[in-house]
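Since the structure comes first, as structure tokens, the remarks are kept for the end.
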2 protein chains.
Amino acid sequence: MEHSSQLLKGVLDMVLLALIAEEPSYGYEMVDKLQQKGLELVSEGSIYPLLSRLQKKGYIAGYFVESAGGPPRKYYRIEKSGRQQLADWSEEWNRLSAGVGGVLDGHNGGNHG
Amino acid sequence: MEHSSQLLKGVLDMVLLALIAEEPSYGYEMVDKLQQKGLELVSEGSIYPLLSRLQKKGYIAGYFVESAGGPPRKYYRIEKSGRQQLADWSEEWNRLSAGVGGVLDGHNGGNHG
DNA sequence: CCCGGCTACCTTGTGTAATAAGGTATCACG
DNA sequence: CGTGATACCTTATTACACAAGGTAGCCGGG
């Protein structure tokens, strides 16, 4: 199994929220967007439960939109509390990734691309 | 529960490996080092199983060293395969954190400092 | 000697979370 | 009607960190 999958833990919800913050989107499309952004390993099975969780917490709101060639799409848009949560998570992420980056730097004297 | 805990998933093993790569260390001390580096929430219960796992995979090797005021310490040093693994994980981490950073940037036009 | 506190190790039970695999339904094409 | 693409959702599995608890050596005070 990919180690990256494990790295994603606790990150995916934030990433999804950020994606929706940019512009409303639906599950099937988000998988695609994420791949384009470099997060290639995200699968549908992972994001639908997440989207439900996010909605249940009030961070996003879902609404159906008719599609030309397929079933209706369930779009999500970000709510006010979602923006706040995203800001909090972003800070948390920045702190953590800085910490990890620092430890990683240590082992070779300061070089991480 | 802290969301940060979830962010750590799949990262802790890499961080521990990086720490040991800098210089050999033992569990009890690593908790302390991690706190100084900004990863404040790591507890003993989390790292001992990880250290065992890392050793079992051959990335690190353990050896006991007598201590002045306490029981002997179990130091770990990094092995060759551990260095290789660390390099791989580092790259993986850099890719992922860049990807996440990119998505995070998107929602406000490029600001994460 | 016994106790409390510090160092230092390790294990078990619990909760969170992503994945793989599978299921439902709509629309287009032949 | 069957096939394939789009699009949604759920269940069983597996991985992982954490909290709590347990063992044990060393030291100082009573």
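Just so you know, these numbers use all the heavy atoms, side chains as well, and skip hydrogens, waters and symmetry mates. Numbers restart at 1 for each chain; the letters A, B, ... are given by sequence-line order, proteins then strands.
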Mind checking A/G45 for me? I need base, sugar-phosphate or nothing, with any heavy atom below 4.0 Å counting as a touch.
base
Answer yes or no: does a side-chain N or O of B/S43 lie under 4.0 Å from OP1 or OP2 of D/dA19?
yes
Quick one: A/R73 CZ to D/dC8 C1', roughly how many Å, whole number?
12 Å
Can you check whether B/P72's main-chain N or O pairs, donor with acceptor, with B/S67's side chain at less than 3.5 Å?
no
Separation of A/Y75 atom OH from D/dA7 atom C1', in whole Å?
12 Å
If we ignore hydrogens and angles and just use 3.5 Å, is the side chain of B/S25 paired with the main-chain N or O of B/I20 as donor and acceptor?
no
Distance below 4.0 Å between A/S67 side-chain N/O and D/dA7 OP1 or OP2:
yes
Any side-chain N or O of A/Y28 less than 4.0 Å from the OP1 or OP2 oxygen of D/dC8?
no
Is the phosphate of C/dA18 approached by A/R53 (side-chain N or O, under 4.0 Å from OP1 or OP2)?
yes
I need the CG-P distance between A/D13 and C/dT16, as an integer number of Å.
13 Å
Could you tell me the separation between the NZ atom of B/K33 and the P atom of C/dA8, rounded to a whole number of Å?
13 Å
Would you mind telling me which residue lines up with the more 5' stretch of DNA chain C, A/L50 or B/Y76, judged by nearest nucleotide?
B/Y76
Please determine, by modelled atom types, if B/Y59 and B/Q85 share a side-chain donor-acceptor pair under 3.5 angstrom.
yes
What is the ring orientation for A/Y63 with A/Y75, classed by angle as parallel under 30°, tilted 30 to 60°, or perpendicular over 60°?
parallel
Rounded to whole Å, the CZ-P distance (A/F64 to C/dT26) equals 12 Å
Tell me what A/E44 touches on the nucleic acid: a base, only sugar-phosphate, or nothing, going by heavy atoms under 4.0 Å.
base
Do A/E23 and A/K33 touch side chain to side chain, with heavy atoms closer than 4.5 Å?
yes
Please determine whether a side-chain nitrogen or oxygen atom of B/Y48 lies at a distance below 4.0 Å from atom OP1 or OP2 of C/dC9.
yes
When the distance from CD of A/Q55 to P of D/dC8 is rounded to whole Å, what number comes out?
13 Å
Which is true for B/S52 with a 4.0 Å heavy-atom rule: it touches a base, it touches only sugar-phosphate, or it touches nothing?
nothing
Categorize A/I47 for me: base, sugar-phosphate, or nothing, with a 4.0 angstrom heavy-atom threshold over every strand shown.
nothing
How close or far is atom P of C/dT16 from atom CE of A/M14, stated in whole angstroms?
19 Å
Can you tell which of D/dG25, C/dC10, D/dC9 lies closest to the side chain of A/K74?
D/dC9
Quick one: is B/Y26 getting a side-chain N or O under 4.0 Å of the C/dC9 phosphate, OP1 or OP2?
no
Round to a whole Å and report the spacing from CD of A/E29 to C1' of D/dA7.
12 Å
